[in-house]
Amino acid sequence: MSNRFSSGLELANVLLSSEPLHQSWDAIQNDKQKVNPNAQPTLHINTTQQANLTIITFLTSPMSLRGQEGLILSSTFKERDLPDFEFLSESNPSFSINEAAIKLFASRFDELCLLKTEISRSNSLVIITGYSMGGCVATLFTLWLLESLNLLKANRPLCITFGSPLIGDEHLRKCVSQFSAWTSCFLHVASIQDPVPKLFLSPYPTALGTGTKVGAYKPFGTFLLCSDSGCACFEDPDLILELVAANSQGDQTQYPNVGIQFFDYGQLLERLKLKAFCKDVFELSESDRVPLKASIITQLAAIFGVPQSQALQQQQPNINILKKMMETHEYKLAMQKTKASNAAKKFNDMKVNMVYLEWYKKDSKGREIGYYDVYKNKRNRSDFNVQEFKKKLSNYWQDVVEELENKPQKEGAAFRTRWLLGGTTYRRMTEPLHIAEYYKENDGKNYIEERPKHFILLEKWLKEEKEGKVAERIDGPSKSKAQNVASSLTDDSCFWAYVEEALILCNQLEKGQPSFQEREQCKQKLIEFEEYVLDALKNFAVTPDIFLKYSSFMAWWKQYNKIVGSSTQLARIMTDGTYREYEKGVKVVFRSL
């Protein structure tokens, strides 16, 4: 039962023993010695190299953070000569960032530009870390860096902050959350004894320079909330706010110079690491021993530093509200896991449907006609079964393509790359069946003009992906493509639509009805189609099934040959039987006419 729910305690224990967490704090501790405690508030940046690891540290001179909760709208960054973060606002028109943080970032912008370029060119692992307000700048730099990285190829940077106040509003959180691969790059460590993370919790701070109220600060990423008794990890932004706010009473007066005093997270983490190894026991009442309830109460007790569940109820009057929020969050996670499991099952079902279509293609070849024409004729029960498989596949991929299309540009591109192999195989296998149905039912219409959108997008994304890579050898197709041509699918999934259009042109010429000008136009289009076929043969981009005895392509060729005779290059290879060697991977040789 307990495995169905997330465990913030287990994740916290894993993090406590992880090297990056302690390496980050060690870097901060070392760099702190270089910061002048009496200097004016300035940003200090340091880079440390450790084998294949780069640690970038952001620290500030001791500065009071009282009264620094002001936000600046992103729409005003340009007029204020502040760095551009508009790449975040593809689906949100504007967001707000803490004024002090963005100005510290801007104060070292030229240096940060050089640092960003160095990291983009490097293959090393990168940890970006910061303490207090330096953690805010570390967060901004990580966001700025992520925008320039292709996370499918580059190492994903990890941002670890210690005792950092919140950086922006709800709109900023939404902007970051739209990039699902980004939020996992942020880990924020905060202790309930440290007043800094509890700053900026006022519900509606004023946007500087506008006089208008903006949304409250909202967190993003994973938060490791700690006390002397334990720690737990949380990701839900509303829950994090409630947990931090539950410990903020009295801090405003207790710490008038908040931000100046240094909080030693190193000692705290070492104590908690030892506790994790010793596996301290927390006493639960009988009624709290239900797995989900026990997990929630144990996490709350760990971050609030309470040894027993009864004491937790006494110390935190709002504990029942927190319990309810955590319970709701856990059930949401359980639903997400169920949804992901269902999605995986559905994807596997689609694989089964594709296997059936591959069998259908192979079986049709044995009848010397090819699966395109077998499906077009629909004379057997298996043809109608294929229609059902095709429908299921089409519904599935239409939904996938629509989801990918609606993702933000950068995030969508990354997801599309992952789906391209399956999507391309689907398109090349099933679009010919769509074309077969179309020309069976829509006499006189052109398929290309009414081609389904999801096929167009899948083809477009494949071309964009190829353009981003080094092209194949200029002198022709790869050896492997020639060797596998017999079992391949035609590269251009619209090939059979062009065959059907060529057949229509031949029929028009045979009937002799068009005017002289129209006849010449028809011949020119047929010549262009022949050149298209020749190019596909040169590059092994078309399946040998087109040469099967009863295929529509062979029907077209017979008609076209009567019209143009044996004077064309295609006529030569069709007449002397050279095309029969194509299936064996033998390159067709085109002799000069």
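The residues of the chain are indexed from 1 along the displayed sequence. Just so it is clear, the model here is predicted, and its values are computed rather than measured.
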Can you tell me how far apart [atom1] ([X]) and [atom2] ([Y]) are? Round to the nearest 0.5 Å.
X      : Y      : atom1 : atom2 : answer
Leu125 : Asn155 : CG    : CG    : 5.0 Å
Asp194 : Ser132 : CG    : OG    : 7.5 Å
Gln49  : Ser124 : CD    : OG    : 6.0 Å
Phe263 : Ser191 : CZ    : OG    : 3.5 Å
Phe58  : Leu140 : CZ    : CG    : 9.0 Å
Phe77  : Ser94  : CZ    : OG    : 8.0 Å

[X] vs [Y] side-chain heavy atoms within contact, under 4.5 Å:
X      : Y      : value
Phe87  : Leu146 : no
Leu71  : Tyr217 : yes
Pro165 : Cys136 : yes
Ile28  : Thr129 : yes
Leu15  : Cys233 : yes
Ile72  : Ile97  : no
Ile56  : Asn46  : no
Phe162 : Leu21  : yes

For the side chain of [X] and the backbone of [Y], is there at least one donor-acceptor N/O pair under 3.5 Å apart?
X      : Y      : value
Thr76  : Leu73  : yes
His188 : Leu166 : no
Gln178 : Cys175 : yes
Asp84  : Lys78  : no
Ser17  : Val14  : yes
Ser177 : Lys174 : no
Ser122 : Glu118 : no
Gln33  : Gln29  : yes

How about [atom1] on [X], more than 12 heavy atoms from neighbouring residues, nucleotides or ligands closer than 6.0 Å, or not?
X      : atom1 : value
Lys103 : NZ    : no
Glu79  : CD    : yes
Asp81  : CG    : no

Indicate the atoms forming the closest heavy-atom contact of [X] with [Y], along with that distance.
X      : Y      : answer
Glu405 : Trp461 : N-CH2, 4.1 Å
Met133 : Ala100 : CE-CB, 4.1 Å
Ala190 : Tyr265 : CA-OH, 3.6 Å
Cys231 : Leu9   : O-CD2, 3.3 Å
Leu272 : Cys226 : CD1-CB, 3.9 Å
Glu86  : Ser75  : OE2-N, 4.3 Å

How about [X] and [Y]: are their ring centroids closer than 6.0 Å?
X      : Y      : result
Tyr426 : Trp419 : no
Phe109 : Phe141 : no
Phe105 : Trp144 : yes

Quiz item: Strictly by modelled atom types, are Ser61 and His44 linked by a side-chain donor-acceptor pair under 3.5 Å?
Solution: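 Per modelled atom types, Ser61 and His44 side chains form a pair under 3.5 Å.
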Quiz item: Do we see a donor-acceptor contact under 3.5 Å between the side chains of Thr42 and Arg108?
Solution: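 Not at all, the side chains of Thr42 and Arg108 share no donor-acceptor pair under 3.5 Å.
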Practice problem: Test Leu158 against Cys185 for side chain to side chain contact (heavy atoms under 4.5 Å, CB included), laying out the working first. | Solution: CA-CA 5 Å; Leu158 176 60; Cys185 295; 5.5 Å; no
Exercise. On the 0 to 90° scale, with breaks at 30° and 60°, tag the Tyr131-Phe262 ring pair as parallel, tilted or perpendicular.
Key: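 Plane angle between 30° and 60°, so tilted.
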Quiz item: Hey, does the Lys NZ or Arg CZ of Lys346 hover above the aromatic six-ring of Tyr396, less than 6.0 Å from the centre and inside 45° of the axis?
Solution: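 No, Lys346 does not lie over the aromatic ring of Tyr396.
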Quiz prompt | Ion pair check, Lys218 and Asp169, cut-off under 4.0 Å | solution =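 Asp169 and Lys218: not salt-bridged.
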Quiz item: Run the side chain to side chain contact (heavy atoms under 4.5 Å, CB included) check on Trp182 and Leu88 step by step: do they pass?
Solution: CA-CA 11 Å; Trp182 288 20; Leu88 287 171; 3.7 Å; yes
Exercise. For Ile160 and Phe186, run side chain to side chain contact (heavy atoms under 4.5 Å, CB included): C-alpha distance rounded to whole Å, both residues' side-chain angles, the deciding distance at 0.1 Å, then the answer.
Key: CA-CA 6 Å; Ile160 303 178; Phe186 295 91; over 6 Å; no
Self-check item: Test salt bridge (Lys or Arg N to Asp or Glu O under 4.0 Å) applied to Arg271 and Asp228, step by step
Solution: CA-CA 8 Å; Arg271 289 196 300 269; Asp228 285 333; 3.0 Å; yes
Quiz item: Under the side chain to side chain contact (heavy atoms under 4.5 Å, CB included) criterion, do Thr222 and Leu224 qualify, and how do the steps go?
Solution: CA-CA 7 Å; Thr222 300; Leu224 178 62; 6.0 Å; no
